[in-house]
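Since this is a predicted model, take the numbers as computed values, not measurements.
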Amino acid sequence: GGDRPGVCTPSRTMLMSGRTLFHLPKDISAPGNKPSVPVMSTVFRAAGYDTFYCGKHGNTYHPADCSFDKAVFIDRRNVPDQITEHRSWTTNIVSYLADRARAKPLAGRAGQGKPFFIFYAPSVPHDPLCHEPDDLALYAGDKRPPLPPNAAVNHAAVAGFNLHDTNIRPYDAPGLGHFKTPLKLERWRDVLARYYAYTTGLDRQVGHILAELERTGAATNTIVVFTS
């Protein structure tokens, strides 16, 4: 649920703070790095963890994002395209893990002897649905995923309802251009194929992070939580 059309902000704030929708903090968009309520970074730091945030910066709990020991914000404002954005998140997290592994033998290196907490906050599957060409090939043509059984043949928007995410929301997708919904069902299959390709790319990026945990030996005592 959300209290605004873009559910990114309340949902990410709920994940960060552990609060339900109607108990969200009032300083979501405030400047600075001092959130008004306990959040993951402050709780883990108090427990002795080194904390690292990597991901999008907009439509999130701003003071909480900035309160991590290290925060790397990457989005379409500072990279040329979303594919580069996705790769950059992973590169930064892998580098963070590799740096910790290299510094581990150095006694007294500040922060390196601590356990770590990483908050990885990608924008996937936010539109526009950008994807690697090889990923789309997995779902192209006859391999397009089928629509779910409850796909609306007679969409509510056709009946005149003014729904934000249906008949007035513009979308962008490579190969499909700029379009508005509702769409014909076959056209939705093209959109769904790109959604699958987009999330396949995220799956690969998460795989790179898991592989680095294994390579550095950190996987044996690291808990990975994947949620949305």
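Hydrophobic clustering of Ile, Leu, Val, Met, Phe, Trp and Tyr side chains at less than 4.5 Å, counting indirect connections, unites V191 with Y196. Both F226 and L97 are part of a single hydrophobic cluster, where members link through side-chain heavy atoms under 4.5 Å apart. V124 and V94 fall into different hydrophobic clusters, defined by Ile, Leu, Val, Met, Phe, Trp and Tyr side-chain heavy atoms under 4.5 Å apart, directly or through other members. Linking Ile, Leu, Val, Met, Phe, Trp and Tyr residues whenever their side-chain heavy atoms come within less than 4.5 Å leaves V43 and F116 in two separate clusters.
Residues L24 and R19 share a closest heavy-atom pair of CD2-O, 3.9 Å. Closest of all the heavy-atom pairs between K56 and W89 is N-NE1, 4.2 Å. When all heavy atoms of R12 and S123 are compared, the pair lying nearest together is NH2-CA, 3.7 Å. Closest of all the heavy-atom pairs between L192 and P146 is CD2-O, 3.5 Å. Pairing each heavy atom of R45 with each of D69, the nearest pair is NE-OD1, 3.1 Å. Considering every non-hydrogen atom in both P145 and A193, the closest pair reads CD-CA, 3.8 Å.
One distance of note links SG of C54 with CG of D65; it measures 11.5 Å at 0.5 Å rounding. Considering CD1 of I209 and OG1 of T91, their distance stands at 9.5 Å, rounded to 0.5 Å. Summarising the geometry, atom CG belonging to L15 is positioned 11.5 Å from atom OG1 belonging to T60; distances are rounded to the nearest 0.5 Å. R194 contributes atom CZ, which lies 11.0 Å from atom SG of C130 (distance to the nearest 0.5 angstrom). From T13, atom OG1 reaches atom CD1 of I28 across 4.0 Å, with rounding to the nearest 0.5 Å. If you take CD1 on I118 and CZ on F68, they are separated by 10.5 Å, rounding to the nearest 0.5 Å.
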Go through N33 and S67 one step at a time and tell me if the side chain to side chain donor-acceptor pair (under 3.5 Å) criterion holds.
-> CA-CA 5 Å; N33 61 357; S67 67; over 6 Å; no
Passes side chain to side chain contact (heavy atoms under 4.5 Å, CB included), T90 versus I93? Steps please.
-> CA-CA 5 Å; T90 308; I93 294 174; 5.8 Å; no
In sequence, state the C-alpha distance, the side-chain angles, and the governing distance for Y139 and T200, and then conclude on side chain to side chain contact (heavy atoms under 4.5 Å, CB included).
-> CA-CA 10 Å; Y139 309 105; T200 295; 2.6 Å; yes
Chi angles and distances behind the salt bridge (Lys or Arg N to Asp or Glu O under 4.0 Å) call for R204, D135 = CA-CA 10 Å; R204 181 173 53 256; D135 291 334; 2.9 Å; yes
Check step by step if salt bridge (Lys or Arg N to Asp or Glu O under 4.0 Å) holds for E212 and R100.
-> CA-CA 11 Å; E212 186 64 14; R100 285 183 57 90; over 6 Å; no
Please walk me through it: do Y120 and Q205 pass side chain to side chain contact (heavy atoms under 4.5 Å, CB included)?
-> CA-CA 11 Å; Y120 174 33; Q205 298 304 324; 4.1 Å; yes
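Using modelled atom types, no side-chain atom of D203 and backbone atom of T199 make a donor-acceptor pair closer than 3.5 Å. Side-chain N or O atoms of R189 include one that pairs as donor or acceptor with a backbone N or O of R144 at under 3.5 Å. A distance-only check finds no donor-acceptor pair linking the side chain of H62 to the backbone of P31 [under 3.5 Å].
When side chains are defined from C-beta on, E132 counts as touching R87, because their heavy atoms get closer than 4.5 Å.
Ring centroids of F117 and Y49 are separated by 6.0 Å or more, keeping the two rings apart.
Other residues, nucleotides and ligands contribute more than 12 heavy atoms inside 6.0 Å of the NZ atom of K143.
For the residue pair Y61 and D27, a side-chain donor N or O sits within less than 3.5 Å of a side-chain acceptor on the partner.
Note on ring orientation: taking the six-membered ring where Trp is involved, the planes of Y53 and F119 are parallel (angle under 30°, cut-offs 30° and 60°).
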